[in-house]
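Predicted model only: the values in this text are computed from it and were never measured.
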Amino acid sequence: MTTNSRQVLLASRPHGAINEGNFRIVDVPLPQPGDGEVLVRNEWLSLDPYMRGRMSDAKSYVPPAALDAVMVGQTVGEVIASRDPRFAVGDKVLTALGWQSHGVAKAADLTKVDAKRAPPSYYLGVLGMPGITAWFGLFEIGQPKPGETVVVSAASGAVGSVVGQLAKAHGCRAVGIAGGEAKCDYVVGELGFDACVDHRGGKLLDDLRAACPAGIDVDFENVGGAVLDTALRLMNRRGRVVLCGLIAEYGATQPYGYTGLRSVLVNRIRMQGMIVFDWKDRYGEAVQGLAENLAAGKLKYRESIVEGLDNAPRALMGLLNGENFGKQLVKIA
Ligand SMILES: NC(=O)c1ccc[n+]([C@@H]2O[C@H](COP(=O)([O-])OP(=O)(O)OC[C@H]3O[C@@H](n4cnc5c(N)ncnc54)[C@H](OP(=O)(O)O)[C@@H]3O)[C@@H](O)[C@H]2O)c1
């Protein structure tokens, strides 16, 4: 058994795009759990766009990640020592231990995952925070009605792929926006969306208009910038914009200059920001619904896996540039 834990620390705060120099890799002696704690060997690390925000010290909905501390993140791992009766060696758990191979967690902060229901890594994606975001964002804020048109950006990704498939199962026209032909082919051919538009194709407004002949009723916005600005121009009266993410703006040094706000006014559009934590008390409801859809074959899911913790910084850079194709994970062990 190993005697060390490998950790990736936040070494400096980025200005604009992140780089590998913002991180530092260290090995530390394996910690030992105290009463009410367990030692976890992390197997999977989730990489998520919000991490870019946590690397900065700008005011946000949660405090920034601390410098010279283990970079924040969710993992799924296995309990290898327990000093709490609720957890046994061999249990698979969802943790907030961050970018490290092993760590000690308070038992109260862990959630057991049911590895018989789905592969453990799914609890970081389709059955985890991204899937839960899709569920509540679409149904509680988007409030789609059968027959309406739902557009979702970053459509092949962790959140977007679930949004479009749920919208389709709900009887809506599901239209994706994604980067490149391969992702668009996957969104239509594999995920079953009605159409997908390539935001890199150079004629987003024309292509989106053609894909949404009856206009847009719900825009589930994951990207922002030119993508959101274009969608706003095609929104129907009393349309809803679920403002879930603005990934196109996370590494920008200048704010995007929106021009489509007139549409919000004249069409009485409701645009609402969402942070998934607001549904914390109801996560179980979403996971149950998502698991049922998964079991019924109504939700297809794809992972983009990078091997080895040392490659996590590079993989986060790739995620923020659209290099991932599906939910981005790091396989630690
Ligand atoms: N509010 C919340 O509680 C909450 C929770 C989870 C996630 N989110 C947000 O949801 C969004 C999607 O997250 P995810 O985890 O599902 O990530 P993801 O979609 O799996 O991966 C990110 C994708 O964003 C797209 N992208 C990146 N830079 C872009 C740019 N400049 N212009 C257009 N597209 C760009 C890329 O897809 P293409 O190659 O297709 O462009 C990339 O693959 C993010 O904005 C994230 O912050 C919000």
Side-chain angles (χ1 to χ4, degrees), residues 1-2 4-10 23 25-51 54-55 62-66 69-133 158 276-277 279-281 283-284 286-287 290-291 303 305-313 315-316 327-333:
M1 180 167 150
T2 178
N4 283 334
S5 172
R6 177 152 275 217
Q7 301 181 328
V8 182
L9 311 183
L10 178 63
F23 301 92
I25 296 172
V26 297
D27 289 307
V28 299
L30 207 61
Q32 294 306 316
D35 283 345
E37 293 181 335
V38 301
L39 176 62
V40 177
R41 180 174 55 81
N42 284 327
E43 295 170 341
W44 298 95
L45 167 67
S46 176
L47 294 183
D48 297 272
Y50 76 80
M51 290 169 170
R54 300 288 292 278
M55 291 172 73
V62 279
V70 175
M71 179 60 194
V72 296
Q74 277 196 313
T75 70
V76 163
E78 186 169 296
V79 173
I80 57 171
S82 175
R83 292 195 51 195
D84 187 279
R86 286 167 288 181
F87 292 93
V89 169
D91 282 348
K92 300 284 185 189
V93 287
L94 178 66
T95 91
L97 282 169
W99 297 29
Q100 56 183 335
S101 66
H102 300 74
V104 164
K106 288 197 178 75
D109 294 341
L110 296 177
T111 308
K112 237 182 248 189
V113 304
D114 181 356
K116 287 194 218 77
R117 179 161 71 173
S121 62
Y122 279 36
Y123 293 87
L124 296 170
V126 63
L127 298 182
M129 186 277 282
I132 296 169
T133 301
V276 67
F277 305 155
W279 284 271
K280 212 170 187 12
D281 297 341
Y283 281 3
V287 175
L290 291 160
E303 296 176 331
I305 296 171
V306 162
E307 299 275 342
L309 191 59
D310 292 11
N311 292 318
L316 182 61
K327 168 65 203 165
Q328 185 64 61
L329 296 169
V330 177
K331 191 167 190 319
I332 298 178

Problem - R83 side-chain N/O to V38 backbone N/O, donor-acceptor pair under 3.5 Å - result: no
Practice task
With rounding to the nearest 0.5 Å, note down the distance linking OH in Y283 to CG in L127.
Solution key: 14.0 Å
Exercise for the section: Give the C-alpha distance, both sets of side-chain angles, the deciding distance and a yes or no for side chain to side chain contact (heavy atoms under 4.5 Å, CB included) between T2 and R41. Expected result: CA-CA 10 Å; T2 178; R41 180 174 55 81; over 6 Å; no
Exercise for the section: Quick one: closest heavy-atom pair of A158 and K327, and the distance? Expected result: CB-CD, 3.6 Å
Fill in the blank from the handout: Between V330 and the options I305, L316, L45, the side chain to side chain contact (heavy atoms under 4.5 Å, CB included) test singles out L45
Problem - Side chain to side chain, M55 and L10, heavy atoms closer than 4.5 Å - result: yes
Problem - Heavy-atom closest pair, residues G125 and P130 - result: O-CD, 3.6 Å
Practice task
List the atom of V287, the atom of R117, and the distance in Å for their closest heavy-atom pair.
Solution key: CG1-NH2, 3.3 Å
Practice task
Give, for atom CG of D310 and atom CD1 of I25, the distance between the pair rounded to the nearest 0.5 Å.
Solution key: 4.0 Å
Completion exercise
Looking only at heavy atoms, the pair that brings N311 and V306 closest together is CB-CG1, 3.5 Å
Exercise for the section: Heavy atoms only: give me the nearest Q328-A315 pair and the separation to one decimal. Expected result: NE2-CB, 4.3 Å
Exercise for the section: Give, for atom CE of M71 and atom CG of L9, the distance between the pair rounded to the nearest 0.5 Å. Expected result: 11.0 Å
Handout entry: Side-chain heavy atoms of S121 within contact of V76, under 4.5 Å
Key = no
Problem - OG1 on T111 to CG on D114, rounded to 0.5 Å - result: 13.0 Å
Practice task
Rounded to the nearest 0.5 Å, what's the gap from CG on L97 to CD on Q7? Could you check?
Solution key: 10.0 Å
Practice task
Check whether any side-chain heavy atom of I80 sits under 4.5 Å from a side-chain heavy atom of H102, and report yes or no.
Solution key: yes
Exercise for the section: Test side chain to side chain contact (heavy atoms under 4.5 Å, CB included) on F277 and V62 and set out the steps. Expected result: CA-CA 10 Å; F277 305 155; V62 279; 3.8 Å; yes
Fill in the blank from the handout: Correct closest heavy-atom pair for A105 and L110 would be CB-CD2, 3.7 Å
Completion exercise
Which of V72, T75, N42, L47 passes side chain to side chain contact (heavy atoms under 4.5 Å, CB included) with W99? Answer is L47
Completion exercise
Value for CG (D48) from CD (Q74), rounded to nearest 0.5 Å, stands at 7.0 Å
Handout entry: Pairwise salt bridge (charged side-chain N to carboxylate O under 4.0 Å, His left out) hits with a residue in residues 86-105, at least two apart
Key = E43-K92, E78-K92, D84-R86, D91-K112
Practice task
Determine whether I132 and W279 make a side-chain contact, defined as any pair of heavy atoms from C-beta on separated by less than 4.5 Å.
Solution key: no
Problem - ring pair (Phe, Tyr, Trp, His ring centres under 6.0 Å) against Y122, all qualifying residues, sequence neighbours excluded - result: Y301
